[in-house]
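The block underneath contains the structure these notes are about, expressed in structure tokens.
Atoms considered below: every heavy atom in the structure, side chains included; atoms not considered: hydrogens, waters and symmetry mates.
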Amino acid sequence: MLLSGLKAFKRTFLNKVTRLSEKHATTDATATSTSTSTPEAPPLPPSTGFIDQISARHVQGWTIASENPALRLNVEAFLPETGERLGHGTADQFHYGLSGIGDGSRRYGFWFHLTREITPAERETLRVRVPGQGDLARSPNLSSWQPLLHVAMDIVDNCNLRCPFCLYDYSAVRRTHVMTRDTLEAALRLLPYTKDGEFWFSCLHEPSLHPEFASFLDAIPPAFRKKVFFTTNLARRMPESYFQTLAQSGIDHINISMASRTPELYERMRKGARFPIFMQNWDRLLAAFRDAESTVALRYVIMAYKSNLHELPELSRYLLSEGRAAQVEIRYTYDVPFIDAAFRQQEFLEEAEWDWLQASLPVAEPGQILLARPPAPQNPAPADSQNETEAEAEAEAEAEAETASASALPIKPEEVPQTVKESELRFIPGHYLAQLSWDGTLELKGISQASAGAALIEVPVVTKNIRDIPDIDAFLYALDCKSIQTSEAS
């Protein structure tokens, strides 16, 4: 399995954000003098929230009325020096990151254009408030404009292994296609528009199959290297210089796919791999990281099965103590149709086994060990409120939404519903998921305005070759404008 549950970090972070916002939210009496609120209106309940982004052209964030979460508050942006009002909106949009607050709908976000472009100095002083109340705090990770939630890129379309649990069907793959240098250079222009650790240099396939992989890493501008990670199985024999390059790369982290430290089990689960080669590569990697005092984090991703179940607690301890592990993620398998039925029957864990594993994992610092269990079965609605087919479809959609949120797995084109309601095609601005193939094909998905709670609905927005986009900034801004115009027209 070549993907990690990065969204678990997002949920942990956003819970902290909520607590911080409640601590820092203040009432600013001077702000009410320039408010456009009606004087006779009753006072609003105290609000809390954050400003997430301020660019030269827009403001984005969220706010909630603490004592009455059913309200949807109005917000406005202004310059305190002059009192100039630069835009306003309503905090009623689906907010991608929020969870566990208010009514659970996550519909407390706002995004609106400013009435004019502001200068860098004005960006530093711009304030956002709920009229009649105090200013919203700025997020600890306030950004200027990062509309890409992640960029899931692959520089090849193949893997050196054929693991029985892989979520990608390699049965028809006969050769390896590789990304060209000019496509890479075009792709790297997306780096400023996503956050640290969210530019995936590999997503589904093994990047070390690319003959220029090391030089591709060197091509990443140093200022943006903390945005990048990749996943590898460490199962190919590589030169010593390769491990030194990784240690000195300055990227955010490397995911290492593991299965077991038992040779026979490792080679059965990692079909095509040889345990001595993996161990040699691992030893050389750790030595290179130690010698370079590398800042690159190592994260280990392990699939849990009946065969390796009782090894996992001790393996987790070993990786934290001896494997320089910043994080160990133990996770379930995406049950894609082409997984062999016999493997599924023999290896997939029962609920009681997941319970045992959860209770047996070692105590560690928060975030060091992540356990991603299968999504809980969804209960369909009563038969008298909707027919059986609709109930099953809704339950399946909710389960997929929860899976996507927990795992950051990009939805492949064939998984997009064939029919999407017109209301769902309206997407919120400033939140896009990008998938970039070896040939430069860029698929952008948006988050539907019909999303609510756990029902995260992703809709296709545009498919275009990255080399055919002359100006990334203008391209992404045009998508935001399209979203606003579509909403206003409806």
Side-chain angles (χ1 to χ4, degrees), residues 1-6 8-9 12 160-161 163 165 197 200-202 206-208 213 217 226 228-270 273-305 307-332 357-358 360-372:
M1 175 67 186
L2 296 180
L3 295 173
S4 70
L6 294 179
F9 276 123
T12 301
N160 53 312
L161 306 183
C163 303
F165 51 80
W200 312 358
F201 224 66
S202 69
E206 173 54 47
S208 65
F213 179 44
L217 286 178
K226 277 298 179 184
V228 173
F229 84 89
F230 71 89
T231 303
T232 180
N233 54 44
L234 277 187
R236 298 185 68 238
R237 202 181 295 277
M238 303 296 288
E240 186 66 37
S241 60
Y242 172 76
F243 302 102
Q244 295 171 0
T245 295
L246 300 188
Q248 299 168 9
S249 65
I251 64 175
D252 189 74
H253 67 279
I254 299 172
N255 283 348
I256 299 174
S257 297
M258 290 194 68
S260 173
R261 292 179 67 215
T262 303
E264 297 80 7
L265 180 56
Y266 171 86
E267 293 186 1
R268 177 157 62 85
M269 289 297 185
R270 296 292 177 181
R274 295 294 176 265
F275 186 73
I277 294 176
F278 170 78
M279 290 301 297
Q280 182 185 53
N281 285 341
W282 192 17
D283 289 343
R284 294 163 78 188
L285 177 75
L286 294 178
F289 272 56
R290 182 179 59 251
D291 294 344
E293 298 182 346
S294 179
T295 61
V296 180
L298 296 180
R299 298 179 181 171
Y300 295 86
V301 183
I302 310 170
M303 314 302 292
Y305 297 111
S307 295
N308 66 352
L309 175 62
H310 291 280
E311 179 185 0
L312 296 180
E314 181 55 38
L315 179 57
S316 300
R317 292 187 187 92
Y318 181 84
L319 294 175
L320 290 174
S321 62
E322 305 297 330
R324 296 179 63 99
Q327 184 182 88
V328 178
E329 180 183 6
I330 302 172
R331 63 168 306 113
Y332 72 98
L357 178 58
Q358 186 166 338
S360 302
L361 289 174
V363 176
E365 295 295 323
Q368 282 190 317
I369 298 180
L370 299 180
L371 181 64

If you look at every heavy atom in [X] and [Y], which pair is closest and at what distance?
X: Val296; Y: Ala247; answer: CG2-O, 4.2 Å
X: Ile330; Y: Ser316; answer: CD1-OG, 3.5 Å
X: Arg274; Y: Tyr266; answer: C-CE2, 4.1 Å
X: Asp252; Y: Lys226; answer: CB-O, 3.1 Å
X: Gly323; Y: Leu298; answer: O-CD1, 3.8 Å
X: Ala364; Y: Leu320; answer: CB-CD1, 4.0 Å

(request) Mind telling me whether Trp200 and Phe229 have parallel, tilted or perpendicular rings, with 30° and 60° as the class edges? (result)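 The arrangement is tilted - the two ring planes meet at 30° to 60°.
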(request) Indicate whether the side chain of Glu206 and that of Thr232 have a donor and an acceptor atom separated by less than 3.5 Å. (result)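 Result is yes, a qualifying pair exists.
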(message) Would you say Ser294 and Arg324 are linked by a side-chain donor-acceptor pair, where the criterion is simply a distance under 3.5 Å?
(response)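 No.
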Say you draw a straight line from [atom1] of [X] to [atom2] of [Y]; how long is it, rounded to the nearest 0.5 Å?
X: Leu312; Y: Ser360; atom1: CG; atom2: OG; result: 10.0 Å
X: Ile251; Y: Phe201; atom1: CD1; atom2: CZ; result: 8.5 Å
X: Ile302; Y: Leu370; atom1: CD1; atom2: CG; result: 11.5 Å
X: Glu267; Y: Thr262; atom1: CD; atom2: OG1; result: 11.5 Å
X: Arg317; Y: Leu361; atom1: CZ; atom2: CG; result: 8.5 Å
X: Arg261; Y: Tyr318; atom1: CZ; atom2: OH; result: 4.0 Å

(message) Applying side chain to side chain donor-acceptor pair (under 3.5 Å), can you list everything that pairs with Glu311, at least two apart in sequence or on another chain?
(response)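 Once residues adjacent in sequence are excluded, the partners of Glu311 under the side chain to side chain donor-acceptor pair (under 3.5 Å) criterion are Ser260.
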(message) side-chain contact (heavy atoms from CB on, under 4.5 Å) for Phe289 and Ile254? Distances and angles first, verdict last.
(response) CA-CA 12 Å; Phe289 272 56; Ile254 299 172; 3.9 Å; yes
(message) Give me each pair satisfying salt bridge (charged side-chain N to carboxylate O under 4.0 Å, His left out) with a member in residues 362-371, each pair once, sequence neighbours excluded.
(response)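 The answer is none; no pair qualifies.
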Within the distance-only criterion (no hydrogens, no angle test), does the side chain of [X] pair as donor or acceptor with the backbone N or O of [Y] below 3.5 angstrom?
X: Arg270; Y: Met258; result: yes
X: Gln244; Y: Ala288; result: no
X: Thr231; Y: Asn255; result: no
X: Glu329; Y: Ala372; result: no

(request) Take Leu246 and Leu217 through the test side-chain contact (heavy atoms from CB on, under 4.5 Å) and record every step on the way to the result. (result) CA-CA 8 Å; Leu246 300 188; Leu217 286 178; 3.7 Å; yes
Review item, side-chain donor-acceptor pairs of residues 275-285, under 3.5 Å, at least two apart:
residue : atom : partner : partner atom : Å
Gln280  : OE1  : Arg237  : NH1          : 3.4
Asn281  : ND2  : Leu234  : O            : 3.0
Asn281  : ND2  : Arg236  : O            : 2.7
Asn281  : ND2  : Ile277  : O            : 3.4
Trp282  : NE1  : Tyr300  : OH           : 3.0
Arg284  : NE   : Glu240  : OE1          : 3.1
Arg284  : NH1  : Met238  : O            : 3.1
Arg284  : NH2  : Met238  : O            : 3.2
Arg284  : NH2  : Glu240  : OE1          : 3.4

(message) For a side-chain contact (heavy atoms from CB on, under 4.5 Å) check, start with the C-alpha distance between Arg268 and Ser307, then their side-chain angles and the critical distance, and finish with the verdict.
(response) CA-CA 10 Å; Arg268 177 157 62 85; Ser307 295; 3.2 Å; yes
